[in-house]
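Below, read A as the first sequence line, B as the second, and so on, with proteins coming before strands; counting in each chain starts at 1.
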Amino acid sequence: MPKVIFRLFFTFVVFVGIFILIQRALTPDSFGDFGHYRANSMNDNKVRASFYKGEAKCTECHQDAFDLKETDVHSGVRCESCHPPQIDATTDCKVNPPIVKGTIEFCAQCHATNPGRLKKGVPQLDFKEHYEKQNCIECHNPHAPWELKEK
Amino acid sequence: MGTERKVNNRRKFFQTSAALVGGTLLYSLIKPFEALVQDKAEEPKIAKADLPLWGMGVDVEKCVGCGKCAEACKIENMVPKEPFYFRTWVEQYTVKNDGEVKIESPNGGIGGLTQSVPDEDIFKSFMVPKLCNHCTKAPCVQACPVGATFISPEGVVLVDETYCIGCSYCIQACPYGARFMNPITKVADKCTFCYHRIAEGLQPACVEVCPTNARIFGDLRDKKSDLVAFLQENPTQVLKPHLNTHSRVFYNGLSSEVR
């Protein structure tokens with residue numbers, strides 16, 4: 001083999017080798033295991049505590065409130081719809097208890113009159129007409145809305 | 001002499017070519033054993049058919065536009081509170097008597113949607129929850145130059161936060177406007193079907209809080225799941241079917257006005 005060709009071939013091999021080494025060094029672990037992405041990223045997305053705990057966790061302590069809710073029209077509504085966790089709450093709901101909302105504005109989120117809600121079976125009210133100054137939960141038990149309290 | 005040189009050259013050419021091709025083949029044979037040399041633990045390959053294929057059904061006929069899903073999503077996923085960062089949001093569509101369509105979503109529907117059009121002008125009004133459609137052929141994944149966004153084997157479109165370079169090509173590519181640039185992490189952010197929750201067996205936060213069960217989450221491969229039952233029971237549609245994205249969020253009762 002002529003010297004020129006050998007040198008050319010040798011440099012080519014060296015450059016390809018260097019390229020492969022650099023590529024190896026720069027490609028992160030697990031890249032390309034399932035496709036053109038870092039497979040470990042799925043674990044990165046997974047490892048995080050959930051703030052919303054789910055109804056099963058609530059009923060560990062509050063079975064009574066849950067049972068009462070299931071007897072009335074709010075039966076389909078999950079606990080955390082009305083009792084959302086605090087922002088950035090730790091995993092333990094006893095340290096950072098969920099928020100108890102009980103304002104007219106909060107009830108109005110679902111029950112204020114809106115033409116888009118007409119046929120959906122959710123009672124709608126004009127909150128200005130229906131006891132403007134009084135809070136809803138003073139008469140209605142939010143867990144069982146048709147159990148009206150005596151005034 | 002001329003012919004001899006030609007023959008010699010040809011012979012050498014064939015020899016080199018054979019050596020190169022043989023070398024490549026040999027390398028490809030050796031490659032599977034490289035893991036042994038590098039002491040990499042061989043991980044068992046996961047068969048795709050054993051994994052769930054997540055999808056969501058949205059019943060437009062049940063949505064009352066209370067905005068609890070958008071609110072819960074922000075709490076659960078630590079999305080900035082400003083009214084232009086949403087992983088999911090609710091839009092109110094109002095078709096007026098003159099045929100004009102008004103779409104509004106103040107603060108993504110958080111705090112409950114209110115109708116701004118007077119009653120006598122309204123022909124039809126309804127709410128549509130929106131989120132990432134988790135496309136089977138996702139335009140955002142095709143657009144990403146570094147492989148930082150991808151479709152996981154469970155069919156969830158995810159973002160690799162450590163790998164994203166923040167070029168926002170995916171945000172432009174998404175036909176549903178479901179992505180945004182997170183101002184805190186400075187990378188693309190989007191709905192993950194609450195990947196950390198579904199891995200634990202919980203429902204996504206928006207599904208968990210929906211008071212009318214307008215959102216149904218489940219496994220498309222499990223024929224007994226609520227989602228499959230929902231798809232069999234209702235004539236469902238996907239958003240923007242002409243774009244061929246084959247999305248996995250199915251809408252029931254979708255009007256033609258919805259974009």
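For B/Glu61, the part lying under 4.5 angstrom from a heavy atom of chain A is the backbone only. The contact between A/Pro115 and chain B is made by backbone and side chain atoms together, counting heavy-atom distances below 4.5 Å. Of the atoms belonging to B/Asp160, heavy atoms from both backbone and side chain fall under 4.5 Å from chain A. Looking at B/Val128, there are no atoms closer than 4.5 Å to chain A (heavy atoms on both sides), in backbone or side chain. Contacts of B/Val159 with chain A are made by backbone atoms alone, with heavy-atom separations under 4.5 Å and no side-chain atom involved. Using a 4.5 Å cut-off between heavy atoms, B/Val95 makes no contact with chain A at all. With a 4.5 Å cut-off on non-hydrogen atoms, B/Thr212 touches chain A through its side chain but not through its backbone. Residue B/Val146 touches chain A through its backbone alone, counting heavy-atom pairs closer than 4.5 Å. Proximity to chain A is limited to the backbone of B/Ile151, based on heavy atoms less than 4.5 angstrom apart.
In terms of modelled atom types and a separation under 3.5 Å, the side chain of B/Glu76 and the main chain of A/Tyr52 share a donor-acceptor contact. Side chain of A/Asp44 to backbone of B/Glu161: no donor-acceptor contact under 3.5 angstrom is found.
By the 6.0 Å contact criterion, NE2 on A/His62 is open, its count of non-hydrogen atoms from other residues, nucleotides or ligands being 12 or less. Within a 6.0 Å sphere centred on OH of B/Tyr169, heavy atoms belonging to other residues, nucleotides or ligands number 12 at most.
In this structure, B/Lys68 satisfies the cation-pi test against A/Phe106, with its NZ or CZ atom closer than 6.0 Å to the six-membered ring centre and inside 45 degrees of the ring normal.
Taking CG from A/Asn45 and OG1 from B/Thr192, the interatomic distance works out to 6.0 Å, rounded to the nearest 0.5 Å. Rounded to the nearest 0.5 Å, atoms SG (B/Cys66) and NE2 (A/His111) are 9.5 Å apart. Distance check: B/Ile122 CD1 to A/Asn114 CG gives 8.0 Å after rounding to the nearest 0.5 Å. To the nearest 0.5 Å, atoms OG (A/Ser50) and CD (B/Glu208) are separated by 10.0 Å. Residue B/Cys194 holds its SG atom at 14.5 Å from NZ of A/Lys46, rounded to the nearest 0.5 Å. Here A/Arg117 contributes atom CZ and B/Ser125 contributes atom OG; the two are 9.5 Å apart, rounded to the nearest 0.5 Å.
Side chains of A/Met42 and B/Phe150 form a contact here, defined as non-hydrogen atoms less than 4.5 Å apart. Taking 4.5 Å as the limit, some side-chain heavy atom of B/Asn77 sits within range of a side-chain heavy atom of A/Arg48. With contacts defined as side-chain heavy-atom distances shorter than 4.5 Å, the pair A/Leu118/B/Phe126 does not qualify. Within the 4.5 Å cutoff, the side chain of A/Gln109 has no heavy atoms near those of the B/Leu113 side chain. The shortest side-chain heavy-atom distance between B/Met78 and A/Phe51 falls under the 4.5 Å cut-off.
With chain B as partner, the option from A/Ala108, A/Ala112, A/Pro28, A/Pro84 having the largest number of non-hydrogen pairs under 4.5 angstrom is A/Pro28. Annotation: maximal heavy-atom pairing with chain A below 4.5 Å, among B/Gly65, B/Ala205, B/Gly111, occurs at B/Gly111. For chain A, the option among B/Glu154, B/Glu200, B/Gln92 with the highest count of heavy-atom pairs below 4.5 Å is B/Gln92.
Taking every heavy atom of both residues into account, A/Lys53 and B/Arg197 meet most closely at N-NH1, 4.5 Å. Contact record, B/Thr162 with A/Arg38: OG1-NH2, 2.9 Å, taken as the closest heavy-atom pair. Minimum interatomic distance between B/Ile75 and A/Gln86 (heavy atoms only, all atoms of both residues): CG2-O, 4.3 Å.
A ring-centre distance under 6.0 Å is not found for A/Tyr37 and B/Tyr163.
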